[in-house]
Each structure stands twice: as C-alpha cells, then as structure tokens.
Amino acid sequence: MSPTAKVRGVVHLISDLCKGCGICVWICPRNVLEMSDKVNRFGWRIPRVKNGCVGCKLCETYCPDLAIWVEVVRNGT
Ligand code: SF4
Ligand code: SF4
C-alpha cells in the first residue's frame with residue numbers, strides 16, 4: 001500500500017437485526033451515525049449513516065446484535 005493511500009469505510013446496517021440501543025452512535029469517533037426516526041419491522045428505531053466513515057470498525061465491534069458491519073475501502077493503493 002502506498003503511504004498516501006486513503007482508507008474509508010462503507011457502513012452496512014442490517015436494519016432488522018438492530019435493537020436501537022445507540023451504542024454505535026455513542027462509540028463512533030467521527031459522529032458518522034445518528035439515531036433516525038425510521039423504525040425497522042420490529043418497531044426499533046435505527047441509526048442513519050452519514051458521510052465521513054474512516055473504517056475503524058468500532059461500531060461493528062461493539063454492536064451487540066451484529067447489525068452493523070463495515071467494508072474497508074482503500075484508495076490509492
Ligand atoms: S467504522 Fe468507525 S468511523 Fe465508521 S461508522 Fe463505524 S465507528 Fe464510525
Ligand atoms: S449498536 Fe447495533 S443494535 Fe445498537 S443501534 Fe447500533 S446497529 Fe443497532
């Protein structure tokens with residue numbers, strides 16, 4: 001990988017696994033996630049994904065319901 005490579009993340013939310021706990025929102029160091037008014041089919045509010053993910057995977061690691069995963073994309077390699 002070149003030293004100038006840029007890393008970013010693409011966040012995938014599996015809505016129907018989410019319980020709306022908000023841990024991912026709380027833990028994201030870039031404030032990429034915020035709770036929305038949208039609910040999944042079980043009635044739980046789910047997060048919305050904004051721009052700016054750096055692919056750190058903290059949200060993926062701490063989600064207790066395996067509802068979120070992050071694809072890490074490297075540009076400039
Ligand atoms: S991977 Fe990191 S930066 Fe991206 S949404 Fe999750 S916690 Fe935030
Ligand atoms: S941590 Fe997981 S279950 Fe909790 S709000 Fe985020 S995606 Fe949903």
Side-chain angles (χ1 to χ4, degrees):
M1 188 192 331
S2 106
T4 56
K6 287 204 168 69
V7 178
R8 67 184 176 87
V10 179
V11 180
H12 300 272
L13 180 72
I14 306 164
S15 303
D16 286 342
L17 292 181
C18 178
K19 302 279 194 325
C21 68
I23 290 173
C24 57
V25 174
W26 174 78
I27 206 147
C28 175
R30 295 296 178 123
N31 295 316
V32 171
L33 302 162
E34 67 180 8
M35 289 313 285
S36 72
D37 293 329
K38 201 171 159 191
V39 295
N40 65 16
R41 68 182 170 121
F42 301 106
W44 298 109
R45 278 177 65 200
I46 61 172
R48 155 186 318 125
V49 182
K50 299 182 290 181
N51 293 328
C53 177
V54 292
C56 71
K57 288 183 176 264
L58 278 173
C59 54
E60 178 181 306
T61 301
Y62 283 89
C63 174
D65 291 292
L66 307 178
I68 197 163
W69 62 279
V70 178
E71 186 182 350
V72 176
V73 179
R74 291 181 170 83
N75 298 322
T77 53

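All values below come from the heavy atoms of this structure, side chains included, with hydrogens, waters and symmetry mates left out. All ligand and atom numbering here is 1-based and tracks the order in the structure. Since the model is a prediction, treat every value here as computed from it, not as a measurement.
- At a heavy-atom distance under 4.0 Å, atoms from both the backbone and the side chain of Val54 approach ligand 1.
- Under a 4.0 Å heavy-atom criterion, Ile46 is not in contact with ligand 2.
- Atom 2 (Fe) of ligand 2 has no N, O or S atom of Cys59 under 2.8 Å away, backbone or side chain.
- Of all protein heavy atoms, the one lying nearest to atom 2 (Fe) of ligand 2 is Cys63 SG, 2.3 Å.
- Listed by atom number, the atoms of ligand 1 under 4.0 Å from Cys56 heavy atoms are 1 (S), 2 (Fe), 3 (S), 7 (S).
- Under a 3.5 Å cut-off, the side chain of Arg74 and the backbone N or O of Val7 do not form any donor-acceptor pair.
- No single ILVMFWY cluster, assembled from side-chain heavy atoms under 4.5 Å apart, contains both Leu58 and Ile68.
- Nearest protein heavy-atom contact of atom 4 (Fe) of ligand 2 is Cys21 SG, 2.3 Å.
- Within the set Glu71, Lys50, Lys57, the minimum heavy-atom distance to atom 1 (S) of ligand 1 is found for Lys57.
- Residue-level proximity to ligand 2 for Leu17 is absent, since no heavy atom of it falls below 4.0 angstrom.
- Lys50 places a side-chain N or O within 3.5 Å of a backbone atom of Asn31 that can act as its donor or acceptor partner.
- Remark: minimum distance from atom 8 (Fe) of ligand 2 to any protein heavy atom is reached at Cys18 SG, 2.3 Å.
- Taken together through direct or relayed side-chain contacts under 4.5 Å among Ile, Leu, Val, Met, Phe, Trp and Tyr, Ile46 and Val39 form parts of separate hydrophobic clusters.
- Atom 7 (S) of ligand 2 has Leu13 CD1, 3.6 Å as its closest protein atom, hydrogens excluded (heavy atom only).
- Every atom of ligand 1 is numbered from 1 in the order shown, and the set under 4.0 Å from a heavy atom of Val11 is 5 (S).
- When the shell of 6.0 Å around CZ of Phe42 is examined, it contains more than 12 heavy atoms from other residues, nucleotides or ligands.
- A heavy-atom distance below 4.5 Å is found between the side chains of Val49 and Leu33.
- Hydrophobic clustering of Ile, Leu, Val, Met, Phe, Trp and Tyr side chains at less than 4.5 Å, counting indirect connections, keeps Trp69 apart from Ile27.
- Looking at atom 3 (S) of ligand 2, its nearest protein heavy atom turns out to be Lys19 N, 3.4 Å.
- Here the heavy atom of the protein found nearest to atom 5 (S) of ligand 2 is Gly22 N, 3.2 Å.
- With a cut-off of 2.8 Å, atom 4 (Fe) of ligand 1 has no N, O or S atom of Cys28 in range.
- Each of Arg8, Glu60, His12 was compared with Val70 under the side-chain contact (heavy atoms from CB on, under 4.5 Å) criterion, and only Glu60 meets it.
- Atom 6 (Fe) of ligand 2 has Cys24 SG, 2.3 Å as its closest protein atom, hydrogens excluded (heavy atom only).
- Looking at Ser15, Cys28, Cys21, Cys24 one by one, the single match for side-chain contact (heavy atoms from CB on, under 4.5 Å) with Pro47 turns out to be Cys24.
- Within ligand 2, the atoms closer than 4.0 Å to a non-hydrogen atom of Asp65 are 3 (S), numbered from 1 in the order shown.
- Expressed to the nearest 0.5 Å, how far CG of Leu13 lies from CZ of Arg48 amounts to 12.0 Å.
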